[in-house]
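Chain naming here is simple, since letters A, B, ... match the order of the sequence lines and numbering starts at 1 in each.
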Amino acid sequence: MTFGTILGAWVAVFLTLAIFSYLYKDNPFYKVAEHVFVGISAGYWASMFFWTQIQPNLFGRLWPASGYNADSFWYKIYNGLHFLTSTVFPAGGIDKGHDMHLIYLIPFALGIMMLLSVSSKLSWFARWGIAYTVGMAAGLRAYGFLNSNVIGQIKGSAMQFVGGDIPFFALIGNSIFNNIVILVGTIAGLAYFYFSKEHKGAFGKLTKLGIYFLMISFGASFGFAVMGRISLLIGRFVDLIDYSKAQYNHATIWILVVMIILLGYNAMKDRDKNLPVSKDVA
Amino acid sequence: MKKITNFILKIGDMDRRWIFIIIALVVLLPLFFPIGLPIRPTDSTQTAYDAMDDLEHGSNVLVSFEYGPSTKPEIHPMTYAVLRHLFKNGHKVYITCLWPDGQFMAEEAIEEIAEQEFNLTYGKDYVLLGFRPGNEAVVKGIVSNIRKLYSTDARGTLTDKIPMMEGINQLVDFDFIFTASAGYPGTVEWVQYGADPTGVPMSTGVTSIQVNEVMPYVQSGQVKGILAGMPGAAEYEKLVGVPGIGTSGMDAQSIAHLVIVLFIIFGNVAFFIERQRQKKY
């Protein structure tokens, strides 16, 4: 096993146990793990976005290798950028299989405008980029929701109630009884969110039934949430057990023992600090 | 009776850290001493399995990785099982990622399943197209022109030079979609912008917490079955016939659930006894 793998295991064990230590109380181990996580996540996302989108798909379309001409003004700018950083702007243009598309200067400009939000004087430029993003997202989502969530779900709730070859009752799967429950649940649930009529009388009873259906749904959600959290715990424990083996130099055991000693020492020190001061000493 | 009541009240008033220790123990012990509780595939897992099993030999299947290390224990076992199933049946697998860390998960899965277990050829049997930022816009991009979005794969090779990309230009060129999703963007976006507009059948594996959100699409037939969290993975492993991490974690999962249910019952009983006493005095 390489040194890097073993070191990685020790770091993973330390960070896992540091996060778990919060269950005892807030402590420096937890704070270290929290800050490391935030920093690494931000750096990782920024790097990933740049190298998978901005460099190949934006710069790659503005200065593609296929259209490289060292004498043109456009590629003289590129050569200047190449002089600054040859990793992002390699010699002879960016070869990512694109042709030149200068229309991409528009998203490039909008992106730079978004970054101007850090300046108090120029922050108004950022609104252009945000307006474009909001408009595009709204249009894109309106269609998706209408097609899949409205039309698709209405189609899905149009069920068979009489005749056919489905049984009247079945615990799981398609049956007339289950279809009636789904229909009643859908109508009662929707009625609960109708606020233009006071929830009284027969309508009140229907909305109350809607609440019961919603509560069952929340109960199922809670059950699934618990299941998910336990699965994640199992995943971490499986790794911790793995890393406690001799091939990883018993990383889990060592780090756990050291952490417990340090947290215990810290707790004792805190307790001593909080002891009432004796009158004699005072 | 008074003794029992006091005991329940004591449990209801227990320091939460004791509960954490008990949960840790009930999860740990079955991992050391497995009981081997039976696993029975549910209808939704069976539907997903059948949908993929019925595909013609050599079909083009798009598998999308939308999860990261934080949800790896739930989703990773199911992607292993699904990839194993697809490769066993001789399908071509095209991997995309809507999450940046999904790419690492995909690399790990293909290294273990495609390379070590099945000894397949990159670019001929499977390809890792990789991550592209843009969420649902990426799905829209794949629907209209995958070549424009993925001019290169995750390893920097031009997609035009990858043999299995021949004839693959848009989403309708795929026979099936499987998404392994842990949130946004994920299954819902694939349904809304991918499967529904094009009619390409899709199935999914999701984290437990997402099941309620995705289940309506399964009920209406927009999604062919669903693998629900770690139990879904364990059920799929059983159907494929190769037990993995999903199966080994199910004992711990079941016992932990039982203990949590007991805690909820004790907590509620303690709450009602306490309320009764307060009313009395």
Discussion item. I need the minimum non-hydrogen distance between B:Q219 and A:I182, along with the two atoms involved.
Written reply: OE1-CD1, 4.3 Å

Worksheet entry | For the student: nearest non-hydrogen atoms of A:G152 and B:S220, plus distance | O-CB, 4.1 Å

Discussion item. Does A:N149 form a side-chain contact (heavy atoms from CB on, under 4.5 Å) with B:V191? I'd like the steps, not just the answer.
Written reply: CA-CA 9 Å; A:N149 291 33; B:V191 175; over 6 Å; no

Item to complete: Might you confirm whether atom CE of A:M1 has over 12 heavy atoms from other residues, nucleotides or ligands at distances under 6.0 Å?
Response: yes

Discussion item. Does any backbone or side-chain atom of A:Y24 lie under 4.5 Å from a heavy atom of chain B? Answer side chain, backbone, both or neither.
Written reply: both

Worksheet, complete the sentence: Ordered numerically, the heavy-atom neighbours of chain A under 4.5 Å found in residues 223-237 of chain B are B:A228, B:M230, B:P231

Discussion item. Measuring only between side-chain heavy atoms, which start at C-beta, is B:I23 closer than 4.5 Å to A:I230?
Written reply: yes

Fill in: Validation row: B:V27, A:F237 side chains within 4.5 angstrom (heavy atoms)
yes

Worksheet, complete the sentence: Nearest heavy-atom contact between A:L23 and B:R17 is O-CG, 3.4 Å

Worksheet item: Does B:F20 have its ring centroid less than 6.0 Å away from the ring centroid of A:Y22?
Response: no

Discussion item. So A:L232 and B:T207, do their side chains get closer than 4.5 Å, heavy atoms only?
Written reply: no

Discussion item. Is it the case that the side chain of B:N212 and the backbone of A:S217 share a donor-acceptor pair, with hydrogens and angles ignored and the cut-off at 3.5 Å?
Written reply: yes

Worksheet item: Taking every heavy-atom pair that is under 4.5 Å apart, which of A:Y143, A:F49, A:Y44 has the most such pairs with chain B?
Response: A:Y44

Worksheet item: Does atom OH of A:Y192 have more than 12 heavy-atom neighbours, drawn from other residues, nucleotides or ligands, at distances under 6.0 Å?
Response: no

Worksheet item: Which distance, rounded to the nearest 0.5 Å, do you find between the CH2 of B:W99 and the CE of A:M48?
Response: 13.5 Å

Worksheet item: Judged by modelled atom types alone, do B:Q192 and A:N147 share a side-chain donor-acceptor pair under 3.5 Å?
Response: no

Worksheet item: Heavy-atom distance under 4.5 Å to chain A: side chain of B:R16, backbone, both or neither?
Response: side chain

Worksheet item: Between atom OG of A:S41 and atom CG of B:D101, what is the distance when rounded to the nearest 0.5 Å?
Response: 8.5 Å

Worksheet item: Taking C-beta and beyond as the side chain, do B:E213 and A:F224 meet within less than 4.5 Å on heavy atoms?
Response: no

Worksheet item: Looking only at side chains, do B:Q222 and A:Q153 share a donor and an acceptor under 3.5 Å apart?
Response: yes

Item to complete: Flag yes if more than 12 heavy atoms outside A:F213 fall under 6.0 Å of its CZ atom; otherwise flag no.
Response: yes

Item to complete: Specify the closest pair of heavy atoms between A:R61 and B:K148, including all atoms of both residues, with the distance to one decimal.
Response: NH2-O, 2.8 Å

Worksheet item: Heavy-atom distance under 4.5 Å between the side chains of A:M227 and B:I209, does that happen here?
Response: no

Worksheet item: Most heavy-atom pairs under 4.5 angstrom with chain A, which of B:L31, B:T71, B:T42, B:N135?
Response: B:L31

Discussion item. Please classify the contact of B:I19 with chain A as side chain, backbone, both or neither, using a heavy-atom distance under 4.5 Å.
Written reply: neither

Response to the item:
So, the part of B:I260 with a heavy atom under 4.5 Å from chain A: the answer is side chain

Worksheet entry | Which atoms of B:Y150 approach chain A - backbone, side chain, both or neither, heavy atom under 4.5 Å | neither

Practice prompt. Examine distances only and state if a side-chain atom of B:S151 and a backbone atom of A:K96 form a donor-acceptor pair shorter than 3.5 Å.
Written response: yes

Item to complete: To the nearest 0.5 angstrom, please state how far the CZ atom of A:R229 sits from the CD atom of B:E74.
Response: 8.0 Å

Worksheet item: Can you tell which of A:G228, A:G223, A:G60, A:G156 has the highest number of heavy-atom pairs within less than 4.5 Å of chain B?
Response: A:G228

Worksheet item: Is the number of heavy atoms from other residues, nucleotides or ligands under 6.0 Å of A:L102 CG greater than 12?
Response: yes

Worksheet item: For the candidates A:Q53, A:K155, A:M136, which exhibits the highest count of non-hydrogen atom pairs separated by less than 4.5 Å from chain B?
Response: A:Q53

Worksheet item: Where on B:T159 is there a heavy atom nearer than 4.5 Å to chain A: the side chain, the backbone, both, or neither?
Response: neither

Worksheet, complete the sentence: Okay, B:F32 and chain A: the region with an atom under 4.5 Å from a heavy atom over there is side chain

Worksheet item: Does A:K25 NZ have over 12 foreign heavy atoms under 6.0 Å away?
Response: yes

Worksheet item: Given a strict heavy-atom distance threshold of 4.5 Å, which part of B:D196 is in contact with chain A: side chain, backbone, both, or neither?
Response: both

Worksheet, complete the sentence: When every non-hydrogen atom of A:S231 is compared with those of B:P73, the smallest separation belongs to O-CB, 3.5 Å

Response to the item:
Applying a strict 4.5 Å limit to non-hydrogen atoms, the region of B:A256 in contact with chain A is side chain

Worksheet item: With a 4.5 angstrom heavy-atom cut-off, which part of B:Q103 approaches chain A: side chain, backbone, both or neither?
Response: side chain

Discussion item. Do B:I245 and A:I234 make a side-chain contact, defined as non-hydrogen atoms from C-beta onward lying under 4.5 Å apart?
Written reply: no

Worksheet, complete the sentence: Bottom line for B:K140: the part with an atom under 4.5 Å from chain A's heavy atoms is side chain

